[in-house]
Amino acid sequence: MNVFAWFRERIAAEVAAMAASGSLPTGLDTTRIGIEPPRDPAHGDLASNAAMVLAGPAKRRPRELALLLAQRLLKIEGVATAEVAGPGFINLRLTDTFWHARIADILLAGVAYGDSGLGEGRPVNVEYVSANPTGPLHVGHGRGAIVGDALAGLLQKAGFRVTREYYVNDAGGQVDALARSLRLRWLIAAGAEPADAFERARTAGEVQYGGDYLVPVAEALLAQDGDRWIEAPEQDWLPAFRSFAVAAMLRLIRDDLEALGIRFDVVASERRLVEEGGVDAALRFLEGRGLVYEGVLEPPKGKVLDDWEPRPQTLFRASLYGDEVDRPLRKSDGSWTYFAADIAYHLDKFRRGFPVMIDVWGADHGGYVKRMQAAVTAITEDSGALDVKLCQLVNLLDGGEPVRMSKRAGNFISLREVVDRVGRDVFRFIMLTRKNDAPLDFDFQKVTEQTRDNPVFYVQYAHARCRSVLRHALAEMGEEALSDAVLAGAALGRLTDPAELDLIKQLASWPRVVEGAAEAHEPHRIAFYLQDVAQAFHGLWTTERRTRNCASSISMTCSSHRRGWRWFAPRSSLSHQALR
RNA sequence: GCGCCCGUAGCUCAGCGGAUAGAGCAACUGCCUUCUAAGCAGUAGGUCGCAGGUUCGAGUCCUGCCGGGCGCGCCA
């Protein structure tokens, strides 16, 4: 039960009833009625602005209207008090019995607690990571991976039909550069070049991708196909090296993601899209609507470009859809730009049945948001929507000191190293402790510290305390007595301590948090919510110690409820191994 | 120069058009014979960058300015 949604509907129903009886005008717009927990708990459990919102259209004074509504709401079962306050708020206080019933809700719902019908089964495509297949993932990719994956899980919980998708940029110059790097590693492995050739080429800037991760790939290729390409010209060996390298990099990336508990439903290939004519099709679509033309762009103002030459280009009329200028679709060598392929890709997603698309990008791609949204508006003829979540940088720190990273010096820290060092759950949680568009500090020391200051520990510790209660209860009472069904029927009326009710109210707001976070596409709200729940639990814990009043059902409920957010940190999750 | 993001307690940050703007850290004061004190409770700390506007009501929405970050033709 979503307490807030339920009472909102009740208020709307009362307004309708008042209209029917003639005490209010008919046809009032009730959609603006809000109900939420008041900021100040002294104001009660629920507060509604209904009277203030309706006062204008109904031509009544807000407080007068509030009083009428309050009298009616008071008759609803579970409502203890209904007071009018301030400019016309209706403050409801609910009975303890009402709150106790929420524990039974939670226990009986189990993992499904908080599931919402908000999405009504509508399809949503969430595309994230989509890193170039040129090497292992770094920490920045990791943030996008978690934001995307948590958002996908969140939308699922809110009733959307979610597809998790990864777009492989395997068609551009980057993967050719990768193939050339692999070629050199391969020549060394084949004995055709000296061992230090790679290091020299990298220093000279002749190869772009150079990690040691290409060494085993080169050896595998040599073992598979022998050295038959040693004398061959580039046009002969490039495709083979490229596809071998890309496949190997994708395996590497898949393993990195696996370590984070992330799997994709769809891995889409840019190369296949191009080869199957998807880009041509998308361009024909746009041409047919007069949105493509040959033109010359103005040089960007305020930025010095020494080599600027005006030249005619194939352009998309992005400026018709809110972008500043029209955008090029073709490079001077005649091949498509990344943007052209991306238009085709989004058209492909749309045609596969996704009017709602979410892309998670690094903040350095911020300049592309408008043109991509313009393109989506054009190709979907205004029936599709693209939301882009930009993820800001992750600053790696160790004990407050920045971890210096440079590819040149070779001390670049990969995502895998970080995850292996701190653990998946810690990484996932910390990545959600900031809004996606705010920079995030990731401090190796702090995230593994066992202090209040470390949100991961704080939440884990609450869970560990829950489990501790359960362990003792199991020993004394046995498994049978602790089943969710039995606990739901327990004498919950004994839970009258403010700290107990506090925690119940916190748990009761979970469905509302899920819906709000899903609607806003903001998975970080879940991480903040968990800290609030943990805080309420720690508060209760200490109270119980002091009063020696064992309220273990709350613990059990909390622990059960926790299973409902397992999607958020998958598998064993929030393990308290580290505490021991 | 243009666009996007950010500006909230000393620091790091929450904040959904609602009432007297919150949390942690740092500082100070209390709380363990009891299932985890690596925890809890309290005190103190604010011109929500500035100025207008919309609204019954603005930290939240709009406009302008100030400050910081990112981006700005054939890289992805």
Side-chain angles (χ1 to χ4, degrees), chain A residues 32 34 36 38-40 42-43 47-49 52-53 55-56 62 85-89 91 130-132 134 169 171-175 177 270 296-303 305 307-311 313-315 323-325 327-339 341-342 362-370 390 392-393 433-435 437-439 441 449-455 457-458 461-462 464-465 467-473 475-476 499 512-513 516-517 519-520 522 524-525 528 531-532 535 538-546 548 550 552 555 576 579-580:
Chain A
R32 284 188 60 219
E36 57 187 22
R39 210 147 41 185
D40 185 348
H43 292 141
S48 178
N49 62 358
M52 291 181 288
V53 169
F89 287 102
N91 292 332
S130 296
N132 291 337
T134 52
N169 298 123
Q174 311 283 327
V175 284
E270 179 188 8
V296 181
L297 287 176
E298 296 287 315
K301 292 191 174 67
K303 193 197 174 200
L305 289 173
D307 59 342
W308 176 268
E309 301 168 31
R311 71 165 65 89
Q313 289 177 289
T314 306
L315 300 171
D323 201 357
E324 287 83 52
V325 292
R327 302 295 182 176
L329 297 167
R330 215 184 266 281
K331 303 182 205 170
S332 56
D333 68 359
S335 65
W336 299 114
T337 58
Y338 172 81
F339 179 50
D342 224 1
D364 54 335
H365 292 54
Y368 284 78
V369 174
K370 279 195 175 179
L390 295 178
Q392 275 290 351
L393 291 179
T433 53
R434 291 286 177 271
K435 284 181 287 194
D437 50 12
D441 288 343
E449 249 169 29
Q450 298 180 358
T451 68
R452 174 74 178 89
D453 197 25
N454 174 8
F457 166 76
Y458 188 69
Y461 191 36
R465 283 176 154 178
R467 302 300 307 179
S468 166
V469 173
L470 272 177
R471 259 198 325 274
H472 289 273
E476 278 181 40
R512 171 188 153 85
V513 170
E519 223 158 17
E522 290 187 349
H524 75 275
R525 292 193 197 183
F528 283 93
Q531 293 180 67
D532 291 343
Q535 188 165 29
H538 287 306
L540 171 64
W541 181 276
T542 307
T543 303
E544 295 306 332
R545 279 180 65 86
R546 197 170 291 136
R548 308 177 64 178
C550 178
S552 49
S555 263
H576 55 287
L579 298 175
R580 287 296 167 191

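Sequence lines set the chain letters: A, B, ... in the order given, protein chains first and strands last, and positions in each chain run from 1. These figures come from a predicted structure and were not determined experimentally.
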Is there a side-chain contact between [X] and [Y], using heavy atoms and a 4.5 Å cut-off?
X        : Y        : result
A:Val325 : A:Glu298 : no
A:Lys331 : A:Trp336 : no
A:Met52  : A:Arg32  : no
A:Val513 : A:Phe528 : no

Determine the Euclidean distance between corresponding [atom1] atoms of [M] and [N]; express it in Å to zero decimal places.
N     : M     : atom1 : answer
B:C4  : B:G18 : C1'   : 30 Å
B:A9  : B:A23 : C1'   : 11 Å
B:A14 : B:G46 : C1'   : 15 Å
B:G42 : B:G52 : P     : 38 Å
B:U12 : B:A51 : C1'   : 29 Å
B:G64 : B:U60 : P     : 16 Å
B:C11 : B:G71 : C1'   : 29 Å
B:U8  : B:G24 : C1'   : 15 Å

If pairing requires Watson-Crick or G-U wobble contacts with both distances under 3.5 Å, which nucleotide is the partner of [N]?
N     : value
B:C11 : B:G24
B:U29 : B:A41
B:A19 : none
B:G57 : none
B:G64 : B:C50
B:G3  : B:C70

What is the separation between atom [atom1] on [X] and atom [atom2] on [N], rounded to the nearest whole Å?
X        : N     : atom1 : atom2 : answer
A:Glu324 : B:C2  : CD    : C1'   : 7 Å
A:Leu315 : B:C74 : CG    : P     : 12 Å
A:Phe89  : B:C56 : CZ    : C1'   : 10 Å
A:Asp441 : B:U12 : CG    : P     : 9 Å
A:Glu519 : B:C16 : CD    : C1'   : 10 Å
A:Gln535 : B:A14 : CD    : C1'   : 12 Å
A:Asp532 : B:C40 : CG    : P     : 13 Å
A:His365 : B:G3  : NE2   : P     : 22 Å

Counting only side-chain N and O atoms of [X], is one of them less than 4.0 Å from OP1 or OP2 of [N]?
X        : N     : result
A:Tyr458 : B:C40 : yes
A:Arg32  : B:G17 : no
A:Lys435 : B:C13 : no
A:Trp336 : B:C74 : no
A:Arg452 : B:G39 : no
A:Arg434 : B:A14 : no
A:His538 : B:C31 : no

5'-most contact on RNA chain B (nearest-nucleotide basis), A:Gln313 vs A:Glu522, goes to A:Glu522
Closer to the 5' end of RNA chain B via nearest nucleotide, is it A:Asn49 or A:Gln174?
A:Asn49
Base, sugar-phosphate alone, or nothing: which one does [X] contact when heavy atoms must sit under 4.0 Å apart?
X        : value
A:Phe528 : sugar-phosphate
A:Ala55  : nothing
A:Ala47  : base
A:Pro328 : sugar-phosphate
A:Arg330 : nothing
A:Gly173 : sugar-phosphate
A:Asp437 : sugar-phosphate

Under the 3.5 Å rule, do the base of B:C16 and the side chain of A:Arg512 count as making a donor-acceptor pair?
yes
Between B:A23 and A:Asp453, counting only base atoms on the nucleotide and side-chain atoms on the residue, is there a donor-acceptor pair under 3.5 Å?
no
Give a yes/no verdict on base stacking between B:A19 and A:His43: centres under 5.5 Å, planes within less than 30° of parallel.
yes
Within the stacking criterion (centroid distance below 5.5 Å, interplanar angle below 30°), does A:Tyr461 stack on B:A38?
no
Counting only side-chain heavy atoms from C-beta out, which of [options] sits nearest to [X]?
X        : options             : result
A:Thr542 : B:G39, B:C35, B:G71 : B:G39
A:His524 : B:A14, B:G3, B:G71  : B:A14
A:Glu36  : B:A37, B:C16, B:C75 : B:C16

Can you find a side-chain donor-acceptor pair between A:Thr451 and A:Asp453 that sits under 3.5 Å?
no
Would you call the rings of A:Phe457 and A:Tyr461 parallel, tilted or perpendicular, taking 30° and 60° as the class edges?
parallel
Is B:C28 in the syn range, within 90° of 0, or in the anti range?
anti
Which distance, rounded to the nearest 0.5 Å, do you find between the NZ of A:Lys370 and the CG of A:Asp323?
7.0 Å
For the CG atom of A:Leu315 and the CZ atom of A:Phe339, what is their distance to the nearest 0.5 Å?
10.5 Å
For the backbone of A:Pro328 and the side chain of A:Thr337, can you confirm whether one donor and one acceptor N or O come within less than 3.5 Å of each other?
yes
